[in-house]
Amino acid sequence: MQYRKLGETDLSLSVITFGAWAAGGWMWGKTERNDAVEAIRAAYDIGVTSIDTAPIYGQGTSEEIVGEAIKEIPREKVQILTKFGMRWNLAKGDFNFTSKDNDGNDIDIYKYAGKESVIKECEDSLRRLGTDYIDLYQIHWPDITTPVSETFEAVAKLIEQGKVRYAGVCNYDAAQMAEAEKTLKLASNQIPYSMVNRGIEKETLPYCIEHHKAILAYSPLERGLLTGKITPDYQFQPGDHRANHKHFQPEFIERTNRLLQKIKPIADEKGTTLSQLVLRWTVERPGITIALAGARNAAQSVQNARAMDFELTQQEFDFIHNTVNEF
Ligand SMILES: NC(=O)c1ccc[n+]([C@@H]2O[C@H](COP(=O)([O-])OP(=O)(O)OC[C@H]3O[C@@H](n4cnc5c(N)ncnc54)[C@H](OP(=O)(O)O)[C@@H]3O)[C@@H](O)[C@H]2O)c1
């Protein structure tokens, strides 16, 4: 495993960081709690020391699973990344969407990052995670109803109190990052990036490079699509958001699979899986600090962690990159 520093901080994260969204079940059909705990522990054993979660992932379930998985590990050996600003238990802020929790109950989700709410969310996260500090605390989505300065004053207070080490954002564009930085220095931006979703290369990625901000690439496997296992007739479990996602419609699946077939000979020659090759390409791209790889079980998380265990020549990398450019 490799470890990289976040921007100008002294926080180092494993290049493959465990993404605990699917582990929380919500929007992914369901979760097998024991499998999820085992997925985190098995990945940790081979160097995945960093874990990204959020309160909204299973409405607390994902954070509890993370807490359970790391409880025997000395705290300083793991890096906990969590978020705030998506409320399902408070109808305030910018209404986002209606969903169902893991028990099938209707929930209304709001983007809200008012000061009191951020402070309360932090306390709840610390309790669920079983820790007294969060390494990286990230706003989950921009909240248009709260002044940005108010939100980041709250985070600054949490840093002052030692409950949070560094502040980050998710899903922010360059202008939003610049606005937040008027109040507090940011370590990172967590944004979507994969072989078939490279929108950030235009503006946000150059901004982050120029301003020494880390990029945490989310959905690097395009939610499973880039593993090569998805076919146009793939059946998702009820409640799995991918069934209606634009990247899981037959035409996009077929186009993506054609791309994967072109790079498969390199995977075969190296004895790696497509997922490993895809993750490796992702973390070798300029400006990408780490990849957040989601996994449901230990087989997946261990396979993903091993994306750093093989050599790629410049020629092979160029071939993969040129193929991706043709997509
Ligand atoms: N800040 C945000 O707004 C935001 C948004 C999205 C994600 N994220 C973060 O980024 C993380 C990763 O993104 P993601 O979970 O959306 O997508 P992802 O990492 O691209 O894909 C994860 C899914 O792909 C499948 N998979 C993973 N490894 C596999 C393997 N080796 N073989 C076969 N299938 C495999 C699993 O689902 P199946 O087995 O069910 O196919 C897994 O849940 C999240 O967990 C979360 O921490 C953040």
Side-chain angles (χ1 to χ4, degrees), residues 13 16-32 35-36 39-40 42-43 48 50-58 61-63 65-66 79-86 96-97 109 111 136-142 168-172 188-197 200 204 215-231 234-243 245 247-248 253 256 260 267 272-283 288 290-307:
L13 302 185
I16 302 298
T17 286
F18 187 93
W21 178 18
W26 173 71
M27 290 181 68
W28 288 83
K30 63 176 170 119
T31 178
E32 295 295 340
D35 287 354
I40 296 170
V48 176
S50 316
I51 306 156
D52 179 75
T53 178
I56 193 72
Y57 298 164
T61 304
S62 173
E63 288 188 328
I65 285 171
V66 173
Q79 300 81 45
I80 302 176
L81 290 45
T82 192
K83 315 188 184 87
F84 62 89
M86 285 190 91
N96 193 356
F97 64 106
I109 296 167
K111 296 183 212 166
L136 183 70
Y137 204 36
Q138 311 154 98
I139 185 164
H140 206 147
W141 282 92
V169 294
C170 306
N171 302 301
Y172 264 39
S188 56
N189 193 359
Q190 178 175 146
I191 28 186
Y193 187 70
S194 79
M195 280 187 175
V196 297
N197 185 5
I200 63 163
T204 316
I215 291 188
L216 282 52
Y218 79 61
S219 306
L221 293 170
E222 205 50 46
R223 305 171 198 231
L225 179 61
L226 288 169
T227 63
K229 71 180 178 185
I230 307 291
T231 48
Y234 197 89
Q235 291 299 313
F236 292 104
Q237 294 175 51
D240 191 320
H241 74 287
R242 292 175 293 184
H245 191 283
H247 288 168
F248 289 83
I253 293 172
T256 302
L260 294 174
T272 73
T273 64
L274 278 168
S275 317
Q276 289 168 330
L277 205 59
V278 167
L279 288 172
R280 185 59 173 274
W281 171 89
T282 309
V283 299
I288 301 297
I290 60 137
L292 299 168
R296 287 185 183 277
N297 52 47
Q300 291 181 352
S301 67
V302 165
Q303 188 187 119
N304 297 344
R306 297 220 155 104

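When a ligand or atom number is given, it counts from 1 through the structure's own listing order.
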Nearest-contact summary for atom 10 (O) of ligand 1 - protein heavy atom, Å: Y218 CB, 3.3 Å
message: Determine whether I253 and T231 satisfy the following criterion, side-chain contact (heavy atoms from CB on, under 4.5 Å), listing intermediate values before the conclusion.
response: CA-CA 7 Å; I253 293 172; T231 48; 5.5 Å; no
task: Would you indicate which of M86, Q276, Q300 comes nearest to atom 39 (O) of ligand 1 when only heavy atoms are counted?
output: Q300
task: Would you kindly specify which portion of L226 sits under 4.0 Å from ligand 1, judged on non-hydrogen atoms: side chain, backbone, both or neither?
output: neither
- request: State the atoms of ligand 1, each with its element, that fall below the 4.0 Å cut-off from a heavy-atom position in N171.
  value: 1 (N), 2 (C), 3 (O)
message: Counting C-beta onward and ignoring hydrogens, is there a side-chain heavy-atom pair between N304 and L221 closer than 4.5 Å?
response: yes
- request: Could you pull out, from Q138, M27, H140, Q190, the option with a heavy atom nearest to atom 48 (C) of ligand 1?
  value: Q190
message: Would D240 count as a polar contact of ligand 1, with the cut-off being nitrogen or oxygen pairs under 3.5 Å?
response: no
message: R296 versus ligand 1: do any nitrogen or oxygen atoms come within less than 3.5 Å of each other?
response: yes
- request: Using a strict 4.0 Å cut-off to heavy atoms of W141, name the atoms of ligand 1 that fall inside it.
  value: 3 (O)
- request: Give the C-alpha distance, both sets of side-chain angles, the deciding distance and a yes or no for side chain to side chain donor-acceptor pair (under 3.5 Å) between T273 and Q303.
  value: CA-CA 8 Å; T273 64; Q303 188 187 119; 2.9 Å; yes
V302: side-chain contact (heavy atoms from CB on, under 4.5 Å) partners, not counting sequence neighbours: A42, I46, R306
- prompt: What do you reckon, does Q303 have a nitrogen or oxygen under 3.5 Å from a nitrogen or oxygen of ligand 1?
  reply: yes
task: Number the atoms of ligand 1 from 1 as they appear, then name those within less than 4.0 Å of a heavy atom of W21, with their elements.
output: 6 (C), 7 (C), 16 (O), 44 (C), 45 (O), 46 (C)
task: Report yes if some heavy atom in the side chain of L136 is under 4.5 Å from a heavy atom in the side chain of L216; otherwise report no.
output: yes
message: Evaluate M27 against Y57 for side-chain contact (heavy atoms from CB on, under 4.5 Å), listing each step before the verdict.
response: CA-CA 8 Å; M27 290 181 68; Y57 298 164; over 6 Å; no
- request: Do me a favour and list the nearest non-hydrogen protein atom to atom 12 (C) of ligand 1 with residue, atom name and distance?
  value: L292 O, 3.1 Å
- line: In ligand 1, the atoms that come under 4.0 Å of a heavy atom of P220 are 19 (O), 20 (O)
task: Any atoms of ligand 1 less than 4.0 Å from a non-hydrogen atom of C170? List them with their elements.
output: 1 (N)
query: Any chance CD of Q237 has more than 12 other-residue heavy atoms, nucleotides or ligands included, within less than 6.0 Å?
result: yes
field: Contact with ligand 1 for W28, non-hydrogen, under 4.0 angstrom
entry: yes
- prompt: Does any N or O atom in G294 lie less than 3.5 angstrom from one in ligand 1, N or O only?
  reply: yes
query: What do you reckon, does G19 have a nitrogen or oxygen under 3.5 Å from a nitrogen or oxygen of ligand 1?
result: yes
- prompt: Can you find an N/O atom of T53 closer than 3.5 Å to an N/O atom of ligand 1?
  reply: no
task: Applying side chain to side chain donor-acceptor pair (under 3.5 Å), run through T227 and S275 and close with a yes or a no.
output: CA-CA 5 Å; T227 63; S275 317; 5.0 Å; no
- prompt: Are I191 and T204 side-chain neighbours, meaning at least one heavy-atom pair lies under 4.5 Å?
  reply: yes
- request: Answer with yes or no whether R242 contacts ligand 1, where contact means a heavy atom under 4.0 Å from a ligand atom.
  value: yes
task: Please step through side-chain contact (heavy atoms from CB on, under 4.5 Å) for the pair W281 and Q276, ending with a clear verdict.
output: CA-CA 9 Å; W281 171 89; Q276 289 168 330; over 6 Å; no
field: Distance filter under 4.0 Å to D52 heavy atoms, resulting ligand 1 atoms
entry: 9 (C), 46 (C), 47 (O)
- prompt: Relative to the heavy atoms of A22, which atoms of ligand 1 are at a distance of less than 4.0 Å?
  reply: 43 (O)
field: Which of the ligand 1 atoms, numbered from 1, are nearer than 4.0 Å to a heavy atom of A293
entry: 19 (O)
message: If we only consider heavy atoms of K83, is any one of them less than 4.0 Å away from an atom in ligand 1?
response: yes
message: Tell me whether Y57 reaches ligand 1 (any heavy atom closer than 4.0 angstrom to a ligand atom).
response: yes
- request: Could you tell me the residue and atom name of the protein heavy atom closest to atom 31 (N) of ligand 1, and the distance to it rounded to 0.1 Å?
  value: N304 OD1, 3.0 Å
task: Check step by step if side-chain contact (heavy atoms from CB on, under 4.5 Å) holds for N197 and E222.
output: CA-CA 8 Å; N197 185 5; E222 205 50 46; 3.6 Å; yes
L221-ligand 1 polar pair, N/O distance under 3.5 Å: yes
Contacts of Y234 that satisfy ring-ring contact (aromatic ring centres under 6.0 Å, His included) - sequence neighbours left out: F236
query: Nearest to atom 14 (P) of ligand 1, what protein heavy atom do you find, and at what distance?
result: S219 OG, 3.6 Å
task: Determine whether the aromatic ring centres of W26 and H241 lie less than 6.0 Å apart.
output: no
- prompt: Within the distance-only criterion (no hydrogens, no angle test), does the side chain of S301 pair as donor or acceptor with the backbone N or O of A39 below 3.5 angstrom?
  reply: yes
- request: Could you name the option among K229, R223, Q237 that has the heavy atom nearest to atom 38 (P) of ligand 1?
  value: K229
query: Is the centre of the Y193 ring less than 6.0 Å from the centre of the Y218 ring?
result: no
statement: In L225, L226, T256, the residue satisfying side-chain contact (heavy atoms from CB on, under 4.5 Å) with M195 is L226
- prompt: For ligand 1, does A54 get within less than 4.0 Å through its side chain, its backbone, both, or neither, judged by non-hydrogen atoms?
  reply: neither
